[in-house]
Protein chains: 2
Amino acid sequence: MPIPVQESPFARKLGAYVALTDTEFAILAALHKRRRIFPAGQDMIYQGQSVRAAYILASGWVCSYKILPGGARQIVDFQIPGDFLGLRSILFRAADHNVEPLTRVTASEVLASDLIDAFTRTPRLATAVLWAVSRDEAMVVEHLINIGRRDAMQRTVHFLLELGARLMLVGLGTKEGYACPLSQYVLADALGLSAVHVNRILRQLRERHLLTFRNGKVIFDDFDGLVELAEFDLAYLDQSGPLLR
Amino acid sequence: MPIPVQESPFARKLGAYVALTDTEFAILAALHKRRRIFPAGQDMIYQGQSVRAAYILASGWVCSYKILPGGARQIVDFQIPGDFLGLRSILFRAADHNVEPLTRVTASEVLASDLIDAFTRTPRLATAVLWAVSRDEAMVVEHLINIGRRDAMQRTVHFLLELGARLMLVGLGTKEGYACPLSQYVLADALGLSAVHVNRILRQLRERHLLTFRNGKVIFDDFDGLVELAEFDLAYLDQSGPLLR
DNA sequence: CCTGCGTCCTGATTTAGATCAGTCCAGCCC
DNA sequence: GGGCTGGACTGATCTAAATCAGGACGCAGG
């Protein structure tokens with residue numbers, strides 16, 4: 001494959017959509033100049049904040065969520081290395097969601113002006129970013145389908161499979177399983193279930209020798225069985241070769 | 001307000017984010033050259049299709065949905081005049097969702113090449129489109145929260161209020177109510193509920209003099225009461241004056 | 001050392017919403 | 001007119017998941 005894979009997983013991801021030139025890679029690299037570190041648990045972005053910075057995640061896991069007036073929390077998505085996060089907080093007047101690191105995180109800060117600058121210098125990059133945002137939207141949509149129309153078991157399995165697929169794309173997972181820093185409470189908030197029920201579902205999955213979720217690890221005991229159970233579409237995140245040359 | 005409001009509701013929407021120049025308006029207008037008409041019920045875009053066309057909706061209502069292997073349907077979002085639809089079907093190899101007109105629809109067809117062309121000529125437009133896509137994503141997120149963490153009553157009301165807010169922005173609704181071509185079945189598919197249950201919820205809302213859903217119309221009998229019941233954030237779609245000059 | 005605290009785990013009970021199985025009514029076609 | 005069809009509407013029953021109420025383990029901090 002002739003794609004020059006530069007250092008950042010973000011560049012690699014965009015490169016999977018648009019065949020980027022050296023100049024474009026250079027412009028992309030310039031977006032990574034402000035590297036920052038966040039400890040686990042300290043919100044990077046919060047509802048109502050008007051700081052207007054976004055981040056490209058280099059290492060660690062974060063989650064985006066919203067809190068309802070009643071105190072209930074819904075996690076919208078998790079971000080893993082290579083993901084862009086908080087774009088809406090720079091395009092909108094104020095952030096409409098919270099972003100919390102689940103582990104220690106390193107990320108590059110991107111300001112609105114940096115991004116607009118980069119677009120002006122190379123409009124192809126704008127298309128690539130648009131694609132990345134659309135891909136994120138597609139995942140939120142799949143998450144919506146999950147919560148709206150699948151029962152707790154299918155939902156849990158579909159979610160853990162999707163996470164696995166995403167991690168495989170950045171080399172952090174295999175068909176055997178992956179390291180996963182999520183507690184059952186966090187998982188429950190993402191799945192729209194109670195923690196108690198998530199616990200029962202995980203027990204059933206373990207007893208049926210399908211999946212083991214334990215000690216910060218997800219182990220696929222029967223990958224094919226899981227794919228069938230959750231009606232998981234193996235193709236859906238697949239991206240084989242740039243669409244735009 | 002000094003924004004030159006050109007004919008299309010789409011241009012008006014983008015103009016609310018970026019202060020567009022005459023040249024930019026002209027480029028935008030050129031995107032509207034292929035006007036097409038679709039009858040109600042005939043899918044404009046369907047899962048797996050690789051035609052790669054998107055549309056800017058000029059009149060009528062459409063819905064985007066996915067069908068699960070079991071036959072269950074989840075409606076992801078409705079689009080109303082001024083909305084961009086099917087962007088993911090031009091950026092991805094194949095469409096990942098279906099789009100069905102709920103009424104007779106007129107729309108402008110946009111090809112991938114048109115869009116990339118327009119971005120090259122004016123990168124500011126790219127930022128504006130990115131903003132529009134992000135706004136759509138924010139709505140999908142709100143929809144996710146709705147389904148994940150609100151009960152049937154709050155969920156229904158929140159949804160109908162949001163639709164109202166969107167329609168007000170394009171002059172198709174007021175605080176009194178709006179014309180709404182949705183059947184209770186369609187509403188159920190959007191809310192992730194059964195049609196039977198939606199019917200019961202609507203009856204309760206009517207009996208409590210909060211909202212009347214009947215004969216293709218939504219009437220807010222007690223707007224403030226509804227906002228309170230659904231914990232609806234009146235500011236969330238609000239956009240007062242362009243952010244980017 | 002004991003005191004918390006967080007995570008995992010469980011049985012008993014309750015409830016929101018699904019499913020089943022219809023009725024009623026308006027519009028449409030022959 | 002009679003026979004359809006599709007939407008709105010309803011009572012009875014069932015069930016998935018929530019909630020309540022706890023126990024057990026590990027480990028960080030005084």
*Asks:* To the nearest angstrom, how far is B:I201 atom CD1 from D:dT10 atom P?
*Replies:*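 That distance rounds to 13 Å.
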
*Asks:* Go through it in stages, so that I can follow the logic: the residues are A:L187 and A:L160, the test is side-chain contact (heavy atoms from CB on, under 4.5 Å), and I'd like the CA-CA distance, side-chain angles, deciding distance and then a yes or no.
*Replies:* CA-CA 10 Å; A:L187 196 53; A:L160 293 175; 4.3 Å; yes

*Asks:* What integer distance in Å separates A:N215:CG from D:dC27:P?
*Replies:*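 So the two atoms are 10 Å apart, to the nearest Å.
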
*Asks:* Write down the distance between CE (A:M153) and P (D:dA17), rounded to a whole number of angstrom.
*Replies:*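 Nearest whole value for this atom pair: 9 Å.
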
*Asks:* So, does A:N199 get its side chain near the phosphate of C:dC9, meaning an N or O under 4.0 Å from OP1 or OP2?
*Replies:*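 Looking at the OP1 and OP2 atoms of C:dC9, one of them is under 4.0 Å from a side-chain N or O of A:N199.
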
*Asks:* Please step through side chain to side chain donor-acceptor pair (under 3.5 Å) for the pair B:T212 and B:D221, ending with a clear verdict.
*Replies:* CA-CA 7 Å; B:T212 313; B:D221 298 315; 2.6 Å; yes

*Asks:* Measure from the ring center of B:F78 to the ring center of B:F159 and say whether it is less than 6.0 Å.
*Replies:*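 They qualify: ring centres under 6.0 Å apart.
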
*Asks:* Rounded to whole Å, how long is the line connecting atom CG of A:L191 with atom P of D:dA17?
*Replies:*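 Value for this atom pair: 11 Å.
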
*Asks:* Go nucleotide by nucleotide along DNA chain C from the 5' end; which of A:L182 and B:A152 gets its closest nucleotide reached first?
*Replies:*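 It is A:L182 whose nearest nucleotide is closer to the 5' end.
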
*Asks:* For A:L187 and C:dT7, give me the distance from atom CG to atom P, rounded to whole Å.
*Replies:*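 Rounded to the whole Å, the gap is 13 Å.
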
*Asks:* Does the D:dG7 base have a donor-acceptor partner in the side chain of B:R214 within less than 3.5 Å?
*Replies:*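 Absent.
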
*Asks:* Indicate, with a heavy-atom threshold strictly under 4.0 Å, whether B:S194 touches base, sugar-phosphate, or nothing.
*Replies:*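 Result for B:S194 = base.
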
*Asks:* Have a look at B:R203 and say if it touches a base, only the backbone sugar-phosphate, or nothing, with a 4.0 Å heavy-atom cut-off.
*Replies:*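 Sugar-phosphate, no base atom in range.
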
*Asks:* Which is true for A:G192 with a 4.0 Å heavy-atom rule: it touches a base, it touches only sugar-phosphate, or it touches nothing?
*Replies:*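 Contact class for A:G192: sugar-phosphate only.
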
*Asks:* When the distance from CG of B:L202 to C1' of D:dT10 is rounded to whole Å, what number comes out?
*Replies:*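 It works out to 14 Å between those atoms.
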
*Asks:* With respect to the side chain of A:Y185, which nucleotide from C:dA21, C:dC8, D:dC20 is positioned closest?
*Replies:*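 Among C:dA21, C:dC8, D:dC20, the one nearest the side chain of A:Y185 is C:dC8.
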
*Asks:* Please classify the nucleic acid contact of A:L193 as base, sugar-phosphate, or nothing, using heavy-atom distances under 4.0 Å.
*Replies:*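 Sugar-phosphate contact only.
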
*Asks:* Take atom CZ in A:R104; do more than 12 heavy atoms of anything else shown fall under 6.0 Å from it?
*Replies:*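 No, not enclosed.
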
*Asks:* Side chains of B:S64 and B:Q79: donor-acceptor distance under 3.5 Å anywhere?
*Replies:*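 Their side chains do contain a donor-acceptor pair, which is all the 3.5 Å distance test asks for.
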
*Asks:* Which sits closer to the 5' end of DNA chain C, B:R155 or A:S183, going by the nucleotide each is nearest to?
*Replies:*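 Upstream on the strand: A:S183.
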
*Asks:* Just checking A:R206: base, sugar-phosphate only, or nothing, at a heavy-atom cut-off of under 4.0 Å?
*Replies:*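 Here A:R206 touches the backbone only, sparing every base.
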
*Asks:* Can you tell me the distance, in whole Å, between the NE2 atom of A:H197 and the P atom of C:dG11?
*Replies:*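 Interatomic distance, NE2 of A:H197 to P of C:dG11: 14 Å.
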
*Asks:* Taking atom C1' of C:dC8 as reference, at what distance in whole Å does atom CZ of A:R200 sit?
*Replies:*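 Whole-Å distance recorded here is 13 Å.
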
